[in-house]
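So the structure is just underneath, and the comments pick up after that.
Quantities reported herein were computed from a predicted structural model and do not represent experimental measurements.
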Amino acid sequence: MTPQELAQHLASILTEIVAARGSDVVVTEQDTKVDRPKNRDHGDWASNAAMKFAKRIGANPRELAEEIAARAAEIDGVAKAEIAGPGFINITLDAASAGETARRVVEQGEAYGRGDALAGQRINMEFVSANPTGPLHMGHTRWAALGDSTARVLRAAGAEVVNEYYINDAGAQMNKFGRSVLAAALGEEAPEDAYPGEYIQTLGKRVAEQIPDLAEIAASDREAALEQAQELGYQLQLAEIKDSLERFNVHFDVFFSERSLHTAGENGEKSPIEGAIDRLRAEGHVFEEDDAIWVRTTAFGDDKDRVFTRGNGIFTYFAADAAYYLSKKDRGFGEKIYLLGADHHGYIGRLKAIAGAAGDNTETDITVLIGQLVNLNGARLSKRAGNIIELDDLLEWLGTDALRYWLARYPADSPLALDGEKVRSRTNDNPVFYVQYAHARTAAVDRNAAAAGVDRSAFAPELLTHATETDLLGKLQQYPAIVAGAAELREPHRIARYLEELAAAYHRWYDNCRVIPMGEEPVEDLHRTRLWLNDAAGQVLRNGLDLIGVSAPERL
RNA sequence: GCCUCCGUAGCUCAGUGGAUAGAGCAACGGCCUUCUAAUCCGUUGGUCGCAGGUUCGAAUCCUGCCGGGGGCACCA
């Protein structure tokens, strides 16, 4: 009996009761969702449905609860159903019914916890999108971890998700980057507004190696040299970014070039930006004023209209944003998710307005997730001059698993101050090791069981009666709902918090219940059944860790 | 000024209207001839920023204050 099945039973019971009373109130499974009470005395699962429906159907909450409980007690697998307080219904499962979960988890394996709530949805998930003019740094890591984990959770809920990185490879920043790289390659003094940082010198050296005659080209045609240096520097830097992300266990399906939005088609077709402006103009959202092209975003809730062209005729960044949005729409994405830092908060209004101007629903077709900034206050961090901390250095210092876990375990809208020493520590004030250790323990038990002759030839769930066993089973039963909730709310941190609870329940169980008999005691069905439970715990720990992109080691 | 996020134990933070508000750390005290003690058990610790409101019930929803972060470009 899973909580979902219990909720279904309660929904049909309540539907009949409501109908018998002549009410046409509709009862859904959502209304009878049960939760795990904090207090053991309140049973395995509790429902507040009687309190929620009493008023709507004109009944006394406790009487309604009595009526529901009486019939809930008859459900196959329910040991007892009691009412408490103002009208809670506390349900206790019989041990065999609860214990079945262990077998179910093992049989479903990696599929356990996956659902179909978002089936059929095609979602574009854009995140990181850092300028390709330098290495990824601390500020990007939180979005990389959260974006990738969110995408994984959405996929677990049945959605088709494309991870996308928008490369700002057009405009003034790129030119500045090109001049910086060229100067470094030629061994010249850096231009006044050059990008700072050693990486420019490194890129310059590599460019000089790969274009041996760069100096000659520069002497005769400075512009040509700049173009070549800029292009090669860009490609090298982008490759570095991709490598860093892969090391961070973050994979992007699409790297979308801003430049491609500015480029006209081969047969003299307009560029995507021009095409986008034409389309929006045809819908009546574009106007001209003060020698500039504007889009009337105020018609869709923005606080001011926005310009598409600057005075010099060059398209604004926002014009490219609009064309990019239309590209996502044209590529068949329903929901477009943008994961942005709090410093981009001002973009929400105009992005939503573009969605509206494109004919999309500004509530359901676009989601802008704003994350608060992260800072790392470990004193050792400033070994590198300046306060830019590169992702690669972080990975070397802290490791992918620890960094991803810590970045994933807080909600995006909560400001985050990481303590580097804590992230790095190998003690139990470090939740990532606590959870990974729980998984390693399941693997150790598995190895030892095999050596001790405990096998899986029997499964007797009615024997799983120890308090730590019912607790652990309850946690395992909650997992699918946790995944569904995390997907619905786009909050992957719920997975991490759940894993910490699951790990705690597992450690407590391990401490109290032996899978392998002591000394000369015989192997019994209880031990064999516990091995199933151990397998199930390991499986769910693996499934959950995978959703936040963290490894599940067999040994620590 | 306007928009937005945050304010919960000494610290770092969970808590999608439910029961006595939780976890880890810190402090103090226990369990290793063990399926690896990176685990486990116990004790101490609270005006959920403040004040109203909504309701059977509010840390959670609404309003107003107070305090802090971020944002309000023909920059990218």
Any [X] side-chain nitrogen or oxygen under 4.0 Å from OP1 or OP2 of [N]:
| X | N | value |
| --- | --- | --- |
| A/N312 | B/rC74 | no |
| A/S414 | B/rA14 | yes |
| A/K38 | B/rU20 | no |
| A/Y434 | B/rC40 | yes |
| A/R497 | B/rG22 | no |
| A/K33 | B/rU16 | no |
| A/R508 | B/rC41 | yes |
| A/H493 | B/rG15 | yes |

Do A/D303 and A/R306 sit within salt-bridge range, that is, some charged N less than 4.0 Å from a carboxylate O?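 So A/D303 pairs with A/R306 through a salt bridge.
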
Categorize [X] for me: base, sugar-phosphate, or nothing, with a 4.0 angstrom heavy-atom threshold over every strand shown.
| X | value |
| --- | --- |
| A/R494 | base |
| A/D413 | sugar-phosphate |
| A/N90 | base |
| A/Q372 | base |
| A/M174 | nothing |

Whichever of A/A503 and A/N48 has its nearest RNA chain B nucleotide further upstream toward 5':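 Of the two residues, A/N48 wins.
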
Want to settle it: does A/K422 or A/A170 sit nearer the 5' end of RNA chain B, counting the closest nucleotide to each?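 Mapping each residue to its closest nucleotide by heavy atoms, the 5'-most match is A/K422.
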
Going by ring centres under 5.5 Å and near-parallel planes (under 30°), is A/F88 stacked on B/rG18?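 No, A/F88 does not stack on the base of B/rG18.
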
Taking 5.5 Å and 30° as the limits, would you call A/H42 and the base of B/rA19 a stacked pair?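 Yes; centroid distance and tilt both under limits.
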
Taking the ring of A/Y338 and the ring of A/H344, is the distance between their centroids below 6.0 Å?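 When the ring centroids of A/H344 and A/Y338 are compared, they turn out to be at least 6.0 Å apart.
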
Should the pair A/R497 and A/Y410 be classed as cation-pi, given the thresholds of under 6.0 Å to the six-membered ring centre and 45° from the axis?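 Yes.
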
Within 45° cone of A/W45 ring axis and under 6.0 Å: A/R36 NZ or CZ: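 Yes - A/R36 lies over the ring of A/W45, closer than 6.0 Å to its centre and within 45° of its axis.
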
Using the [atom1] atoms only, state how far [M] lies from [N], rounded to an integer number of Å.
| N | M | atom1 | result |
| --- | --- | --- | --- |
| B/rG68 | B/rG24 | C1' | 25 Å |
| B/rA9 | B/rU44 | C1' | 11 Å |
| B/rG42 | B/rA14 | P | 25 Å |
| B/rG15 | B/rU60 | C1' | 9 Å |

For the side chain of [X], starting at C-beta, report the closest nucleotide among [options].
| X | options | result |
| --- | --- | --- |
| A/A444 | B/rU36, B/rA19, B/rC25 | B/rU36 |
| A/H507 | B/rU36, B/rA19, B/rC40 | B/rC40 |
| A/K304 | B/rU36, B/rC72, B/rC74 | B/rC72 |

Using modelled atom types and a 3.5 Å cut-off, is there a donor and acceptor pairing between side-chain atoms of A/H439 and backbone atoms of A/P553?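 Yes, the answer is positive, given that a donor and an acceptor are paired below the 3.5 Å cut-off.
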
Please determine whether any donor N or O and acceptor N or O are separated by less than 3.5 Å between the side chain of A/D35 and the base of B/rA19.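 When only heavy-atom distances are counted, A/D35 does not reach the base of B/rA19 through any donor-acceptor pair under 3.5 Å.
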
